[in-house]
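Notes follow once the structure below has been shown.
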Amino acid sequence: MIETQELTKIFDDFTAVNQINLKVHSGQILALLGPNGAGKTTTIRMLSSILKPSSGWAKVAGYDVYTQSSEVRKMVGVLTEHHGLYGRMNADEYLIFFGELYGNSRSHVLNKINPLLEQLGMDQFRKKRLGEYSKGMRQKLALVRALIHEPPVLLLDEPTSAMDPESAMIVRSAIKSLSNKERTIILCTHNLVEAEELCDQIAIIQEGSIILNKSIQEVKNSLVGSPVFAAKFADPIQGKFIDLPDGIQMVNRNGSIIYFKVEKPNIQNPVLIRLLTENYDLLTFEEVPIKLEDAYLGAINQIKKSNNDE
Amino acid sequence: MMSNQLKLALVITKREVRDQFRDWRIIFPILGLTIFFPFLMNFTTAQVLQFVNRYGATIVGERLVPFSMMIVGFFPISVSLVIALESFVGEKERGSIEPLFNTPLLDWQIYIGKLISSIVPPLFASFVGMLVYCVGLIINGVILPDLHLIIQIIAITIIQAVVMVAGAVVVSTQATSVRAANLLASFIIIPMALLIQGESIVMFWGNYATLWWVVFGLSILAILLLRIGLAHFSREELLGRDIDVLNFRWGWKVFRMNFFGNATNLRNWYQVEVFPYIKEIRFSILIISLLVLVGFLVGKSQMTRFEFPVEQLGVENMQGQLTILNQNWSFGNFSPVFAIFWQNIRVLLLAFILGVITLGIFGVLPLFTSVGIIGYIMGLLSNTGLSVSTYFIGFIIPHGIIEIPAAVIATAAIFQIGVILATPDVQLTIGEVWLKSIANWAKVMLGLVIPMMFLAAMIEVWATPKLALWLLP
């Protein structure tokens with residue numbers, strides 16, 4: 001489990017992370033979303049005990065990041081923004097090196113990495129020099145390195161940023177498979193599709209502060225507003241549309257498809273469907289999935305707006 | 001427990017050494033310096049020996065053989081400097097340092113692991129080089145230096161490698177880029193070049209016992225550098241520092257903060273900054289006071305070694321001289337006061353410069369030397385049967401009672417630079433520690449030493465000669 005309280009990091013005059021409060025339980029995956037320079041990497045570095053907080057505190061797997069840094073590092077697997085491989089080594093040598101640093105024997109490390117390398121499609125490249133690896137391969141190997149000591153906490157800083165779509169898909173499914181009841185994962189990403197696919201909870205960080213921290217569904221609901229429904233008709237609707245009851249609003253019209261925003265879908269949808277069926281040749285009526293991207297942009301816009309108002 | 005912890009440090013060493021042996025840019029120079037260079041040195045030595053023997057200057061040949069061996073041993077260890085300089089900052093530039101920092105290794109394990117890895121391969125090459133050189137000497141029928149000298153050369157080679165690497169690793173942990181580390185390497189290369197020149201003189205001079213003093217001095221320096229490196233090794237600093245432009249604003253801020261502190265007025269400044277700092281450096285003051293005593297005794301002991309004609313001191317006509325001095329240094333005449341004051345301050349400034357560039361160590365030399373000269377003169381005077389107490393009370397005590405403590409305090413503040421640097425404080429960078437020490441020194445100088453020195457100079461000009469004249473028989 002990860003918990004932070006008023007966690008702050010100040011570099012000289014610059015506040016990189018400002019009083020953030022997070023609580024990620026075991027078995028949960030939190031997406032830390034935010035633009036470049038928002039404070040994601042600084043937060044990850046504080047949680048992995050590399051940077052010391054200027055104020056506030058953080059506990060990772062029950063250990064304090066400031067006073068118990070060595071214990072924290074034993075509990076955490078970190079995939080850094082820069083994969084940082086040693087070009088003259090091959091995958092086996094590299095992973096054995098890190099495994100030994102965590103106190104594991106060579107044979108134990110080899111047993112551990114075999115299935116991981118296989119899962120990530122890296123098995124046939126394990127004897128190749130790392131300097132010859134593509135960016136995606138390097139990122140995958142760095143992910144294996146982060147997992148070598150079976151950490152209960154995983155901090156992943158943009159794990160698929162340098163990958164082609166196929167590799168990214170493999171890594172995402174690997175991350176999904178890593179999630180279990182005992183493991184806590186924080187995923188820093190720009191990729192909203194990835195966050196939506198993998199995470200239970202999202203926290204949006206902007207200029208060092210957490211501006212939103214909710215479950216994905218809550219985020220969508222709170223930032224995009226009422227759900228939108230699409231009604232498809234047999235023919236394009238011409239002329240004036242029928243009057244709609246209060247709480248239902250037509251938001252878009254595109255040939256034979258019309259989009260409605262419904263404040264109380266449970267009560268108002270049956271009314272709307274009846275009206276549409278009585279007046280037009282309705283073929284389908286379904287909810288339009290809200291994209292996390294819209295929610296994210298909504299949150300950022302809200303912040304900008306409130307800043308401008310101030 | 002400790003051996004297990006060291007084992008983890010050696011995992012880093014093992015990886016780094018293996019990596020070095022995969023890099024042709026390291027392998028080829030080492031091979032050249034281990035195999036070809038000793039042969040070349042052998043050939044040169046044989047030629048020189050033949051040449052000097054022809055003219056009967058056999059002593060030059062005898063001294064050349066161990067000297068060449070030292071050079072053969074030194075060249076490969078110079079490679080260690082290159083390796084050590086990029087040990088941390090190179091990894092930082094390649095982005096591989098952060099995964100290493102994320103491991104549960106303690107700071108000293110990472111530090112020592114890298115330090116050993118920078119020393120071992122070049123040192124191994126150095127030993128092989130010296131072995132090849134010695135085998136060549138045997139083949140050419142040249143007599144090897146005696147075992148004691150060979151051991152000395154090996155000890156010097158090892159300690160030089162440790163000093164160079166310890167210094168270079170400190171640079172590597174503090175530099176922002178490999179380029180910056182290479183530029184800073186001159187702080188190691190220049191003193192090492194001077195040291196080799198000094199050692200060469202000692203070897204041709206044939207005063208081999210001095211070499212053990214060199215080994216001793218370098219060992220102290222190596223320990224100090226290791227201590228400084230470990231004391232200020234900070235994962236955060238190493239990862240976070242990106243910009244290497246001079247930041248005068250920041251520098252001034254750090255200086256001002258340490259110089260003025262939270263003082264609100266002059267009196268408050270003395271209360272919260274100057275006097276508490278004097279208390280803080282009390283152990284340094286004690287050490288310097290002991291050094292003053294040692295310097296005096298060392299100076300006194302040298303009178304038999306370096307004879308000096310006492311009549312040159314002009315003691316026989318002291319009264320006449322003092323009378324003239326009293327006339328010239330009349331009360332209210334500030335010109336000699338300023339001259340003496342400036343002379344003392346200049347010496348303390350020199351001590352400060354020496355201290356700043358040598359971690360406080362050589363900063364004690366000017367005071368030590370000055371006190372040594374006093375001891376030497378006192379020794380000479382007592383040797384000629386003159387009353388030492390009269391000279392001491394008449395010539396030294398009146399102004400010395402203020403001047404000597406002032407000089408001790410100033411020197412202790414310089415000595416403290418090394419003490420602060422060697423004290424673990426990962427919150428401060430070496431740059432900040434340096435600025436802090438300079439600010440503390442300036443605080444002591446402006447707050448105490450300069451006023452004391454001025455007062456001492458006034459007494460020395462207006463009171464001491466009169467008292468001396470009065471006391472002289």
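Owing to the predicted nature of the structure, the values given are computational and were not obtained by experimental measurement. Residue numbers start from 1 in every chain, and the chains themselves are labelled A, B, ... in the order their sequence lines are given, proteins ahead of strands.
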**OP:** Would you check, one step at a time, whether the test side chain to side chain contact (heavy atoms under 4.5 Å, CB included) holds for A:R88 with B:R18?
**Re:** CA-CA 9 Å; A:R88 291 189 201 97; B:R18 193 157 53 182; over 6 Å; no
Original post:
Given the rule in the side chain to side chain contact (heavy atoms under 4.5 Å, CB included) test, do B:V11 and A:F98 qualify, once you have shown the distances and angles that lead to the verdict?
Top reply: CA-CA 9 Å; B:V11 172; A:F98 274 94; over 6 Å; no
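Top candidate by heavy-atom pairs under 4.5 Å with chain A, chosen from B:E91, B:R94, B:K253, B:Q109, is B:E91. Ranked by heavy-atom pairs under 4.5 Å with chain A, the first of B:P104, B:A9, B:G95 is B:P104.
Looking at B:E236, its side chain does come within 3.5 Å of a backbone N or O of A:K52 through a donor-acceptor pair. Although no hydrogens or angles enter the test, the distance criterion places no donor-acceptor pair under 3.5 Å between the side chain of A:R73 and the main chain of B:N102.
Here the closest non-hydrogen pair linking B:P99 and A:G84 is CG-O, 4.1 Å. Counting all heavy atoms, side chain and backbone alike, A:E93 lies closest to B:R22 at OE2-NH2, 2.7 Å.
Counting heavy-atom neighbours within 6.0 Å of B:F37 CZ, excluding the residue itself, gives a total above 12. No more than 12 heavy-atom neighbours from other residues, nucleotides or ligands sit within 6.0 angstrom of NZ on A:K23. Within 6.0 Å of atom CZ in B:F36, 12 or fewer heavy atoms from other residues, nucleotides or ligands are found, so the atom counts as exposed in its surroundings.
A salt bridge links A:E100 to B:K14: one of the charged nitrogens lies within less than 4.0 Å of a carboxylate oxygen.
Of the atoms belonging to A:S70, heavy atoms from both backbone and side chain fall under 4.5 Å from chain B. Contact annotation for A:M75: neither backbone nor side-chain heavy atoms come within less than 4.5 Å of a heavy atom of chain B. Using a 4.5 Å cut-off between heavy atoms, B:I97 does not touch chain A at all.
Atoms CG and OH, on B:D19 and A:Y86 in that order, are 8.5 Å from each other to the nearest 0.5 Å. In this structure, CG in B:L100 is found 5.5 Å from CZ in A:F97, a value given to the nearest 0.5 Å. Taking CG from A:L101 and CD1 from B:I110, the interatomic distance works out to 8.5 Å, rounded to the nearest 0.5 Å.
Of all residues spanning residues 37-51 of chain A, those with a heavy atom less than 4.5 Å away from chain B's heavy atoms are A:R45, A:S48, A:I50, A:L51, arranged by number.
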